[in-house]
Amino acid sequence: MIGLPDGITACLFDLDGVLTGTAALHREAWKQTFDEFLRERDGSGFHPFTDADYARYVDGRPRLDGVRTFLASRGIELPEGDPGDAVTEHTVHGLGNRKNDLVLRIIAERGPNPYPGSRRYLEAARDAGLAIAVVTSSANAQAVLDAAEFTPFVQARIDGLVITRDGLRGKPAPDSFLAGAKALGVEPARAAVFEDALAGVEAGRAGNFGFVVGVNRADQAEALREHGADVVVDDLAELLGDDA
């Protein structure tokens, strides 16, 4: 009834881009952050941050990992700095803080934009008796879940704060999804992963989860399959047999 194989008893959902439309807001904040930094560094001839850069180096990863991975792709090395660095500091933490401040302002102005199809899917999964966790690299997950009115569906949350606290490796490593399954008390083989990011799909496959659903919000269906998705949908409602 919910488009999953027999034997699946739990659902592990990424947040941004799977349950809510906030992935686009994160992408916008990353672009503004990196473009401002690159312009300050290289002048008017800088090479802008692109959608391909976001998909390859940033999407789905913890914030600081995203900074490091993108900068490395451009051959740029910055000092790590400290968590309290000002947003004007040219450090890994400074850029991460700049992006976080910006995305929080954007979400406050525009809202989390929950997907109606995702709400219907959460309702169906709950009604079918499946356990539900949210597994996200975002440190702002609770605020987004509350604003989207999704919190009542969620029995466990593994977010950026937990990842940092517990020293988990970020996606594409499977650590956060494995922690989500453990929090729900299920084996990975009995859990389905729902991801829109290539790094997240890789994490689901690396963790030997029972089923990996790729959610194609960025016109990358084939890449999601190549990175390990068992099935790719444009909206979770498709798994219910609904029109998205």
Side-chain angles (χ1 to χ4, degrees), residues 2 4 8-23 25-26 29 58-66 83 96 99-100 103-104 107-108 111-115 117-188 190-197 199-204 206-207 209-215 217 236:
I2 58 174
L4 301 177
I8 296 296
T9 61
C11 297
L12 308 176
F13 295 97
D14 179 46
L15 178 60
D16 303 305
V18 173
L19 299 182
T20 65
T22 40
L25 307 184
H26 282 276
V58 174
D59 191 18
R61 301 175 188 269
R63 187 188 313 143
L64 297 180
D65 285 352
K99 180 267 173 179
N100 193 50
V103 78
L104 289 175
I107 291 173
N113 188 27
Y115 291 110
S118 296
R119 180 177 296 279
R120 292 200 298 276
Y121 195 85
L122 285 171
E123 291 170 349
R126 177 196 61 195
D127 294 347
L130 274 69
I132 295 172
V134 164
V135 179
T136 173
S137 299
S138 173
N140 308 307
Q142 188 60 65
V144 172
L145 287 168
D146 289 344
E149 299 182 349
F150 283 165
T151 300
F153 296 102
V154 179
Q155 295 158 271
R157 186 185 79 253
I158 306 298
D159 60 14
L161 299 177
V162 174
I163 290 169
T164 299
R165 182 196 71 197
D166 295 347
L168 303 178
R169 294 175 299 166
K171 303 169 188 176
D175 299 28
S176 55
F177 281 123
L178 293 172
K182 182 178 180 180
L184 293 178
V186 300
E187 294 296 322
R190 305 274 283 176
V193 165
F194 298 76
E195 260 287 356
D196 70 310
V201 167
E202 282 187 43
F209 286 89
F211 200 62
V212 179
V213 178
V215 186
R217 306 289 191 192
L236 295 187

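What you see below is based on every heavy atom in this structure, not just the backbone, and it leaves out hydrogens, waters and symmetry mates.
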When you measure from the side chain of [X] to the backbone of [Y], do you find a donor-acceptor pair of N or O atoms at a distance under 3.5 Å?
X: R119; Y: A148; value: yes
X: Q155; Y: A133; value: no
X: S137; Y: G60; value: yes
X: D159; Y: L161; value: yes

If you look at every heavy atom in [X] and [Y], which pair is closest and at what distance?
X: D16; Y: D14; answer: O-OD2, 3.1 Å
X: G66; Y: R61; answer: N-CB, 4.2 Å
X: V135; Y: K171; answer: O-NZ, 3.2 Å
X: G111; Y: L25; answer: O-CD1, 3.7 Å
X: P174; Y: A203; answer: CB-O, 3.4 Å
X: A10; Y: L184; answer: CB-CD1, 4.0 Å

Distance, nearest 0.5 Å, that separates [atom1] of [X] from [atom2] of [Y]:
X: S176; Y: I163; atom1: OG; atom2: CD1; result: 4.5 Å
X: Y121; Y: F194; atom1: OH; atom2: CZ; result: 3.5 Å
X: H26; Y: D59; atom1: NE2; atom2: CG; result: 9.5 Å
X: L12; Y: F211; atom1: CG; atom2: CZ; result: 13.5 Å

Kindly check if the number of other-residue, nucleotide or ligand heavy atoms within 6.0 Å of CD (E187) is above 12?
-> no
Do [X] and [Y] touch side chain to side chain, with heavy atoms closer than 4.5 Å?
X: C11; Y: L4; result: yes
X: E202; Y: E195; result: no
X: L130; Y: I2; result: yes
X: N100; Y: N140; result: yes
X: T20; Y: F150; result: yes
X: V18; Y: L15; result: no
X: V215; Y: L236; result: yes
X: L178; Y: P188; result: yes

Please identify each residue that fulfils salt bridge (charged side-chain N to carboxylate O under 4.0 Å, His left out) with R169, with sequence neighbours left out.
->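 R169: salt bridge (charged side-chain N to carboxylate O under 4.0 Å, His left out) contacts with D175.
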side-chain contact (heavy atoms from CB on, under 4.5 Å) between S138 and V144, worked out = CA-CA 10 Å; S138 173; V144 172; 5.6 Å; no
How are the rings of F209 and F177 set relative to one another: parallel (under 30°), tilted (30 to 60°) or perpendicular (over 60°)?
->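 Geometry flag for F177 against F209: perpendicular rings.
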